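Here the structure comes first, spelled out in structure tokens, and everything after it is commentary.
Being a predicted model, the structure only gives us computed values, none of them experimental. Below, chain A is the first sequence line, B the second, and so on; all start at residue 1.
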Protein chains: 2
Amino acid sequence: MTVSRSGVLELAVLGSLHENPLHGYELRKRLNTLLGMFRAFSYGSLYPCLKGLLNDGLIVEEEPPDDVVLGRRSKIVYKLTAEGKERLQELLTQAGPSSWEDESFGIHFAFFRHTEAEVRLRILEGRRSRLEERMENVRTALARTRERLDSYTLELQRHGLESVEREVRWLNELINTERAQADKSQSERDKRPDSDE
Amino acid sequence: MTVSRSGVLELAVLGSLHENPLHGYELRKRLNTLLGMFRAFSYGSLYPCLKGLLNDGLIVEEEPPDDVVLGRRSKIVYKLTAEGKERLQELLTQAGPSSWEDESFGIHFAFFRHTEAEVRLRILEGRRSRLEERMENVRTALARTRERLDSYTLELQRHGLESVEREVRWLNELINTERAQADKSQSERDKRPDSDE
DNA sequence: TTCAGATGTATCAGCTCGATACATCGCTCA
DNA sequence: TGAGCGATGTATCGAGCTGATACATCTGAA
């Protein structure tokens, strides 16, 4: 906590370093590739974050392999410590309201393969209800406005709402898939496919 | 420039106050209704912005109407000055790269009814090429990645790209409409519909 | 009457972005 | 050879925004 580190960035960095050790520059590229259109991190957030994680003992500098030692090392390659792995597990397990914020959701989603089915469902459903709530607010605010809005503003509203509706449908599909899988593995564990759930 | 004021917020505030004088609380509600799903401003940015605009003489406190004078005024209603109107025109006329940033585009769009057709086209086309460029980068970065990504990450990429593709199509429609209107008014001005432009 | 919730102004810590600085490496073109 | 250039690489800073919070008033309902 000594140094700036926002939780979501921490997850992104620890999750990436868990897969393989990286140095800052490459970490940024990897993360931005991973997140695609959703998000792009800047050095101004990554380097302070790495410094903070190092400071807290969650990551350490990796020793360069012997055959590179001769040259001055310019790269600083980081890898997770045991505490770092623990912390990552913690971040992957807990899913609070921040997990379905716009900025956090993509990160959590990108590391879904490491998280429990139950947590995945919680995050997906949390995001869905967050979006639906927001749409509801916008719609009622829009309906309450007395003056009539010009066509450009209305078009903006329409497009915005439609985009979010599409995301909700996408979330629904994902949730259904997750549920179907959960049910399947549940009934496999039970060894007897009863009709009652 | 004395106080914090980011250009896009300045446009949003001046544009709103141009239509009718408002106090901070109401300004925020109006702006957030106007922008719908696109953006929401916080007090932490609005009040400093109002202070800055006041400081630079672009807005002034409006005298309360006589029939309210008796009670202590708690509201501080602001309205544009002549310099404020000038500045607003300036902001509406100029369209640079910042106009097609994610955070700015919605604001510019929401005030399109006050801007020239030529500027509207510049902003729409600028945003389109910005999005296309970004998609191109993501796609090549994705193609260059050697390791294969898990299904969640791929799904995230797919959804992200699809959303942006949809926005590009939306922009195309708007651009076509704008162009058609521009051509129409152009030929009306010419009074003779020649084939060569 | 009291209390909750909307209205209203204002600030602050923490965090992020975009720009920038600086240095090295490998490549190409002359 | 070496000049130039773009990618690689680490790092910092100012400016600005969010979310939380504090505090005060007004209104209507219980």
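Computed from coordinates, the A:Arg28 CZ to C:dA19 P distance equals 12 Å when rounded to whole Å. When the C1' atom of C:dG18 is taken as reference, atom CZ of B:Arg130 falls 12 Å away, rounded to whole Å. Atom CD in B:Glu101 sits roughly 14 Å away from atom C1' in D:dG16 (whole-Å rounding). Rounded to whole Å, atom P of D:dA15 lies 16 Å from atom CD of B:Glu10. When the C1' atom of C:dC17 is taken as reference, atom CD of B:Glu103 falls 9 Å away, rounded to whole Å. Computed from coordinates, the A:Trp100 CH2 to D:dG19 C1' distance equals 17 Å when rounded to whole Å. Here C:dC15 presents its P atom at 16 Å from CG of A:Leu11, a figure rounded to the nearest Å. Residue A:Lys51 contributes atom NZ, which lies 15 Å from atom P of C:dC15 at whole-angstrom precision.
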Applying salt bridge (Lys or Arg N to Asp or Glu O under 4.0 Å), run through A:Glu101 and A:Arg130 and close with a yes or a no. CA-CA 8 Å; A:Glu101 299 283 350; A:Arg130 150 80 52 120; 3.3 Å; yes

For residues 102-113 of chain B, run the donor-acceptor check on the side chains, cut-off 3.5 Å, and write out each pair with its distance to 0.1 Å, sequence neighbours left out.
residue, atom, partner, partner atom, Å
B:Asp102, OD1, B:Arg127, NH1, 3.4
B:Asp102, OD1, B:Arg127, NH2, 3.2
B:Ser104, OG, B:Ser98, O, 3.1
B:Arg113, NH1, A:Asp150, OD1, 3.0
B:Arg113, NH1, B:Ala110, O, 2.9
B:Arg113, NH2, B:Glu19, OE1, 3.3
B:Arg113, NH2, B:Glu19, OE2, 2.2

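Using a 4.0 Å heavy-atom criterion, one finds that A:Arg39 contacts the sugar-phosphate atoms exclusively.
For the OP1/OP2 pair of C:dC17 and a distance below 4.0 Å, the side-chain nitrogens and oxygens of A:Ser42 include at least one atom meeting the criterion.
The stretch residues 29-39 of chain A participates, sequence neighbours left out, in these salt bridge (Lys or Arg N to Asp or Glu O under 4.0 Å) pairs: A:Arg30-B:Glu147. Legend: ring pair (Phe, Tyr, Trp, His ring centres under 6.0 Å) pairs involving residues 15-42 of chain B, not counting sequence neighbours, sorted by first then second residue: B:His18-B:His114. Applying the salt bridge (Lys or Arg N to Asp or Glu O under 4.0 Å) test to residues at least two apart or on different chains, the pairs with a partner in residues 131-141 of chain B are B:Arg139-B:Glu165.
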For nucleotides 5-10 of chain D, just jot down a letter per nucleotide in 5' to 3' order: B, S or -, based on protein non-hydrogen atoms under 4.0 Å. ---BBB

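Each end of the helix from C:dT1-D:dA30 to C:dA30-D:dT1 yields a helix axis from five base pairs, and these two axes differ in direction by 30° (to the nearest 10 degrees).
Residues satisfying the side-chain hydrogen bond (donor to acceptor under 3.5 Å, both in side chains) test with B:Glu90, not counting sequence neighbours, are B:Arg87. Evaluation of the side-chain hydrogen bond (donor to acceptor under 3.5 Å, both in side chains) rule for A:Glu118 yields A:Arg122 as partners, not counting sequence neighbours. In this structure, the side-chain hydrogen bond (donor to acceptor under 3.5 Å, both in side chains) partners of A:Glu178, at least two apart in sequence or on a different chain, are A:Arg120, B:Tyr152.
A donor-acceptor pair shorter than 3.5 Å cannot be found between the side chains of A:Glu125 and A:Trp100.
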